[in-house]
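In what follows, a single structure is set out as structure tokens and then discussed.
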Number of protein chains: 2
Amino acid sequence: MEAQDLKKAGLKATLPRIRILQILEDSKERHMSAEDVYKTLLDLGEEVGLATVYRVLTQFESAGLVMRHNFDSGHSVFELDSGIHHDHMVCLSTGKVIEFQNEEIEKLQKAIAEEHGYELIEHSLVLYVKPK
Amino acid sequence: MEAQDLKKAGLKATLPRIRILQILEDSKERHMSAEDVYKTLLDLGEEVGLATVYRVLTQFESAGLVMRHNFDSGHSVFELDSGIHHDHMVCLSTGKVIEFQNEEIEKLQKAIAEEHGYELIEHSLVLYVKPK
DNA sequence: ACTTTAAATGAGAATAAATGTCGTTGAGGA
DNA sequence: TCCTCAACGACATTTATTCTCATTTAAAGT
């Protein structure tokens with residue numbers, strides 16, 4: 001029941017928002033660009049503007065429903081926030097995105113920030129890999 | 001003697017290239033955007049087009065003279081390649097960029113890629129921090 | 001030093017991603 | 001069901017970057 005999720009997040013349950021949330025949930029790809037979402041909407045025969053897709057994804061990000069990533073592709077990709085923190089590995093041959101977790105790296109990052117007198121707020125770690 | 005460095009890198013020693021390399025060497029900021037470099041050129045009274053700045057920076061990157069980074073700012077920044085690998089910490093309050101090295105994290109990254117059957121080609125680690 | 005020639009440049013048009021504007025529409029409380 | 005304001009669609013605009021093409025220039029050959 002998506003409409004409830006939206007209201008819980010403080011967002012009016014409009015049709016575009018419901019559809020976009022469904023697409024993010026149902027899509028094969030966990031990581032989609034705004035264009036990807038837009039094209040999927042068109043394929044489904046929905047009449048939603050591209051500007052709305054951008055607006056909605058940004059709102060979802062603010063509401064904590066999705067996370068935005070800037071891989072080295074020149075545009076943002078979005079994924080549903082699973083609540084479980086993880087980083088990403090991008091295959092340079094296939095474009096496939098793999099998620100991973102590593103508690104040790106997390107600790108080291110925090111320690112490094114503190115060594116320099118800072119508090120770690122956020123971080124971005126992406127491994128670019130190729131099949132062996 | 002910059003002209004020699006350029007020739008060693010397989011690039012013709014043209015005036016725009018020499019000037020841009022000098023700016024990257026002399027600038028207070030180690031990390032500059034294409035616009036930053038362009039503005040500095042204008043301040044110096046040089047007649048170099050913005051397109052040339054972009055072209056040259058991209059060539060420098062290919063030649064291994066500079067490294068390009070995509071922090072979460074919507075545009076690329078460039079720094080002279082010191083040859084010494086390091087990652088970056090960006091202060092969210094001041095925009096200051098701090099470089100750091102951590103051998104342990106490097107090892108863990110390599111291990112993670114290999115656990116998944118991949119070879120680590122490249123990686124991007126940025127810590128977003130605030131003063132304590 | 002002078003000519004030649006392919007590579008590099010400058011100016012401005014073009015593109016891609018994303019955001020802003022504004023008149024219209026629709027969700028949801030009265 | 002009606003009313004109101006938030007949300008929307010269409011399209012203009014902005015920002016970062018790349019492309020096009022006529023002109024210039026570095027540097028190899030004479």
Side-chain angles (χ1 to χ4, degrees), chain A residues 1-23 31-42 44-63 65-78 95, chain B residues 1-23 31-42 44-63 65-78 95:
Chain A
M1 201 49 349
E2 285 79 17
Q4 306 314 315
D5 297 341
L6 287 170
K7 287 192 188 147
K8 244 185 284 175
L11 296 170
K12 205 143 79 168
T14 65
L15 219 110
R17 286 178 184 159
I18 290 169
R19 287 284 170 274
I20 291 173
L21 195 51
Q22 284 178 335
I23 286 169
H31 303 83
M32 303 182 78
S33 68
E35 282 287 344
D36 292 339
V37 171
Y38 180 61
K39 283 196 200 107
T40 307
L41 282 165
L42 292 188
L44 296 176
E46 301 287 346
E47 305 245 318
V48 176
L50 180 56
T52 300
V53 174
Y54 275 103
R55 260 191 307 244
V56 168
L57 288 172
T58 302
Q59 290 159 348
F60 283 5
E61 187 192 10
S62 303
L65 292 174
V66 309
M67 298 186 61
R68 178 197 301 258
H69 301 292
N70 293 295
F71 301 152
D72 276 4
S73 50
H75 58 269
S76 297
V77 297
F78 300 83
Chain B
M1 196 62 333
E2 285 79 17
Q4 306 314 316
D5 297 342
L6 287 169
K7 286 192 189 148
K8 244 183 286 174
L11 297 169
K12 204 145 75 170
T14 64
L15 219 111
R17 286 178 183 159
I18 291 169
R19 288 284 171 273
I20 292 172
L21 194 50
Q22 284 179 335
I23 286 169
H31 303 83
M32 301 182 79
S33 67
E35 283 286 345
D36 291 339
V37 171
Y38 179 61
K39 283 194 200 112
T40 306
L41 282 165
L42 293 189
L44 296 176
E46 300 287 346
E47 303 245 317
V48 177
L50 180 56
T52 300
V53 174
Y54 275 102
R55 261 189 309 241
V56 167
L57 288 172
T58 302
Q59 291 159 348
F60 282 6
E61 186 192 12
S62 304
L65 293 175
V66 309
M67 300 188 59
R68 178 197 302 259
H69 302 290
N70 293 293
F71 301 152
D72 277 4
S73 50
H75 59 268
S76 297
V77 297
F78 301 83

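Letters go in sequence order (proteins before strands), and every chain restarts at 1.
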Minimum heavy-atom separation for A:L6 and A:A13, please, with both atom names.
CD1-CA, 4.1 Å
Contacts to DNA chain C from residues 13-23 of chain A, heavy-atom cutoff under 4.0 Å, which residues?
A:A13
Donor-acceptor side-chain pairing of B:T52 and B:R55 below 3.5 angstrom:
yes
Rounded to the nearest 0.5 Å, what separates atom CG in A:N70 from atom CG in B:N70?
8.0 Å
Show the numbers, then the answer: is there a side chain to side chain contact (heavy atoms under 4.5 Å, CB included) between A:L44 and A:I23?
CA-CA 10 Å; A:L44 296 176; A:I23 286 169; 4.1 Å; yes
Closest heavy-atom pair and its distance - B:F60, B:R17:
CZ-O, 3.6 Å
Interatomic distance where NZ belongs to B:K7 and P belongs to C:dA8 [whole Å]:
13 Å
Rounded to the nearest 0.5 Å, what's the gap from CE on A:M32 to NZ on A:K39? Could you check?
9.5 Å
So which atom in A:L57 and which in A:A34 form the shortest heavy-atom distance, rounded to 0.1 Å?
CD1-CA, 3.8 Å
Worked verdict on A:I18 versus A:Q22 for side chain to side chain contact (heavy atoms under 4.5 Å, CB included):
CA-CA 6 Å; A:I18 290 169; A:Q22 284 178 335; 4.2 Å; yes
So the contacted stretch of DNA chain D, first to last nucleotide with an atom under 4.0 Å from a non-hydrogen atom of chain A, runs from D:dA6 to D:dC11
What are the atom names and distances for every N/O pair under 3.5 Å that joins the protein to nucleotides 17-25 of chain C?
| unit_1 | atom_1 | unit_2 | atom_2 | d |
| --- | --- | --- | --- | --- |
| C:dA18 | OP1 | A:S76 | N | 2.9 |
| C:dA18 | OP1 | A:S76 | OG | 3.2 |
| C:dA18 | OP2 | A:Y54 | OH | 2.9 |

Apply side chain to side chain contact (heavy atoms under 4.5 Å, CB included) to the pair B:H69 and B:H31, showing each step before the final yes or no.
CA-CA 9 Å; B:H69 302 290; B:H31 303 83; 4.3 Å; yes
Report for the helix from C:dA1-D:dT30 to C:dA30-D:dT1: angle between first-end and last-end helix axes, five pairs each, rounded to 10 degrees.
30°
Tell me, with the steps shown, if B:R68 and B:T58 meet side chain to side chain contact (heavy atoms under 4.5 Å, CB included).
CA-CA 8 Å; B:R68 178 197 302 259; B:T58 302; 3.3 Å; yes
In whole angstroms, how far is the C1' atom of C:dG26 from the CD atom of A:E47?
15 Å
For B:T14, the side-chain hydrogen bond (donor to acceptor under 3.5 Å, both in side chains) test, sequence neighbours excluded, returns none
Considering all heavy atoms, the nearest B:V53-B:Y38 contact
CG2-CD1, 4.1 Å
Which residues pass the side-chain hydrogen bond (donor to acceptor under 3.5 Å, both in side chains) test with B:E46, sequence neighbours left out?
B:R19
